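First comes the structure, then the notes that go with it.
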Amino acid sequence: MKVLVAIKRVVDYNVKVRANADHSDVDLANVKMSMNPFCEIAVEEAVRLKEKGLVSEIITVTIGSAQAQEQLRTSLALGADRSILVETEQSIEPLAVAKCLKAVCDNENPDLILMGKQAIDGDNNQTGQMLASLLGCAQGTFASEVAVEDGKIAVTREIDGGLQTLKLALPAVVTTDLRLNEPRYASLPNIMKSKQKPLATVTAKELGVDVAARTVLLGVEPPAQRQAGIMVNDVAQLVDKLKNEAKVIS
Amino acid sequence: MSILVVAEHNNQQLNPTTLSALSAAFQLGETVDFLIAGNDCQSVVAQASKIPNVNKVLIADNEVYAHFLAENMAPLIADIAQGYTHILATATTTAKNIMPRVAALLDVQAMSDICAVVSEDTFKRPIYAGNLIATVQSMDAIKVITVRGTAFDAPVEEGGSASIEALDQTHDMAVSSFIDEQLAQSDRPELTAANIIISGGRGMASGDNFDLLYRIADKLGAAVGASRAAVDADFVPNDMQVGQTGKIVAPDLYIAVGISGAIQHLAGMKDSKVIVAINKDEDAPIFSVADYGLVADLFTALPELESKLS
């Protein structure tokens, strides 16, 4: 089975982002960039499937600037076999990303496509569903468990009220939730080895994909701040305040 | 403006959070149709048709829609989309699963989790775990939108009499099938519908200690939630998680116990009307958003709180 894992380079999850001076966009000058945490989970799942002997080849792909090669190298150090960078000058929207991934899938014909359920920058949670739609294939979003069974895949999904299990025909797109696995760290020997693994670059134009924006970002602003309230001395005072001041309990 | 709202339900009744998408739709325009796709869902249709100001209830009642599989729901919605300027649903896990698939079929860029309607094509939505709010304008002819449930008050549910129209489209891609579902069984209210929520974090130290919260919850008629730290530590299941990667809630009263207040968690509860924080670390960031803070060991404060509530 051949697996394609789509990853994204994003602001590191430890960075507290701010709006830039004129509030036209997010200030990304000199901030640390990393692989999106949900994508790390997707890479880890692919590597585990390969370690179980269920997967023969893992290809990682990202859409972005030349600097995104860093994250592809990380995925190669974690166990991917080769990588593809679809180079674009600016960051593009989920629909355009899905179209680029569709074009890559048409060339590579993977049996399974894994990716994070959302990127922690735009928080869109769209790309996997859109790719499945464009491929006309099944989707298993927000996966907490993945099992390959007789040419199909069983995906347990995190849904609002609990868990749901679906069986999907292959090829399928699976997007990862937090509890699917705990990603490993790359070892130093594997980081060295990753430098020798193949990394191809192609442009969205070469793939024949129109990546023109469909939305306009008019501005970004910090959310309304909550004022800190008062400290109470003990439980008795707390209960009194909730009953008589806030009147939220009776 | 002609707006389609996709209802979420369990084939018996509407999910209350779905009404938030209706409210957002009423802000956009007057002609609002309500789609009920499911199987044996006539009681949902009856409930939906009573909501005032709904123009038309569309019903697609077929076993292929019984489990709301995205592969079958998306082509149905895309099929009827052409008459509409906007297609909305509340951002539940079901809608998040389906709506981007609809958008791709229509070749439009979807708009996720909007928290305000600025104009018919411009919306506000949280990005970076709610650290920033983006104002985004859509240039697509049909806007496919998910709506943050806590950002829009539910409309009145009784008094209307919308017309009902049956759809006979049957879309079965036959690439996915439903196996089973394990839904948490609880007598307590749903997190996203509760007026009071009491949540525990890493400070609870174990899953067994959540009993301290359950006992208080039962006295208050509250739901019990958890921080991502408590979920990651396997104290409680993930469906209890409140935060950017869990549920977004805005109850009248939110009591955070042993929760430090990571931005991830705050993003999920900071719109609550009254926030109480109980933590033994007086420097915990949760106190900066709390209306009432109590620096105390939760293992003494919780039993005391329980006894004071009797």
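This one's a predicted model, so the numbers in the text were calculated from it and none came from an experiment. All values below come from the heavy atoms of this structure, side chains included, with hydrogens, waters and symmetry mates left out. Residue numbering restarts at 1 for every chain, and letters A, B, ... go by the order of the sequence lines.
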Please flag which part of A:Lys16 lies under 4.5 Å from any non-hydrogen atom of chain B: side chain, backbone, both or neither. side chain

Side-chain donor-acceptor pair present, A:Gln139, B:Asn97, cut-off under 3.5 Å: yes

Under 4.5 Å from a heavy atom of chain B, the part of A:Asp234 involved: backbone

For the CE atom of B:Met111 and the OG1 atom of A:Thr215, what is their distance to the nearest 0.5 Å? 6.0 Å

Are side-chain N/O atoms of A:Gln126 and B:Gln109 paired as donor and acceptor at under 3.5 Å? yes

For the residue pair B:Tyr292 / A:Gln237, report whether a side-chain donor-acceptor contact shorter than 3.5 Å exists. no

Does any backbone or side-chain atom of A:Leu242 lie under 4.5 Å from a heavy atom of chain B? Answer side chain, backbone, both or neither. side chain

Could you tell me which portion of A:Leu163 (side chain, backbone, both or neither) has an atom closer than 4.5 angstrom to a non-hydrogen atom of chain B? both

With a 4.5 angstrom heavy-atom cut-off, which part of A:Arg18 approaches chain B: side chain, backbone, both or neither? backbone

Which atoms of A:Leu178 are under 4.5 Å from chain B, going by heavy atoms: the side chain, the backbone, both sets, or neither? side chain

Whatever's closer than 4.5 Å to a heavy atom in chain B on A:Val10 counts as neither

Interface moiety of A:Ile120 toward chain B, non-hydrogen atoms closer than 4.5 Å: backbone

Between A:Thr165 and B:Asp180, is any side-chain donor less than 3.5 angstrom from a side-chain acceptor? yes

Any donor-acceptor N/O pair, A:Ser133 side chain to B:Arg101 backbone, under 3.5 Å: yes

Heavy-atom contact with chain B under 4.5 Å, split by part of A:Val239: side chain

Examine whether an atom of A:Gln225 lies under 4.5 Å from a heavy atom of chain B, and if so say whether it belongs to the side chain, the backbone or both; otherwise answer neither. neither

Heavy-atom cut-off 4.5 Å, strictly under: side chain, backbone, both or neither for A:Ala98 against chain B? neither

Considering residues at least two apart in sequence or located in another chain, which fulfil the ring-ring contact (aromatic ring centres under 6.0 Å, His included) criterion with A:Tyr13? none

Please determine whether side-chain contact (heavy atoms from CB on, under 4.5 Å) holds for the pair B:Val102 and A:Gln129, giving the CA-CA distance in whole Å, both sets of side-chain angles, and the decisive distance to 0.1 Å. CA-CA 9 Å; B:Val102 174; A:Gln129 295 89 315; over 6 Å; no

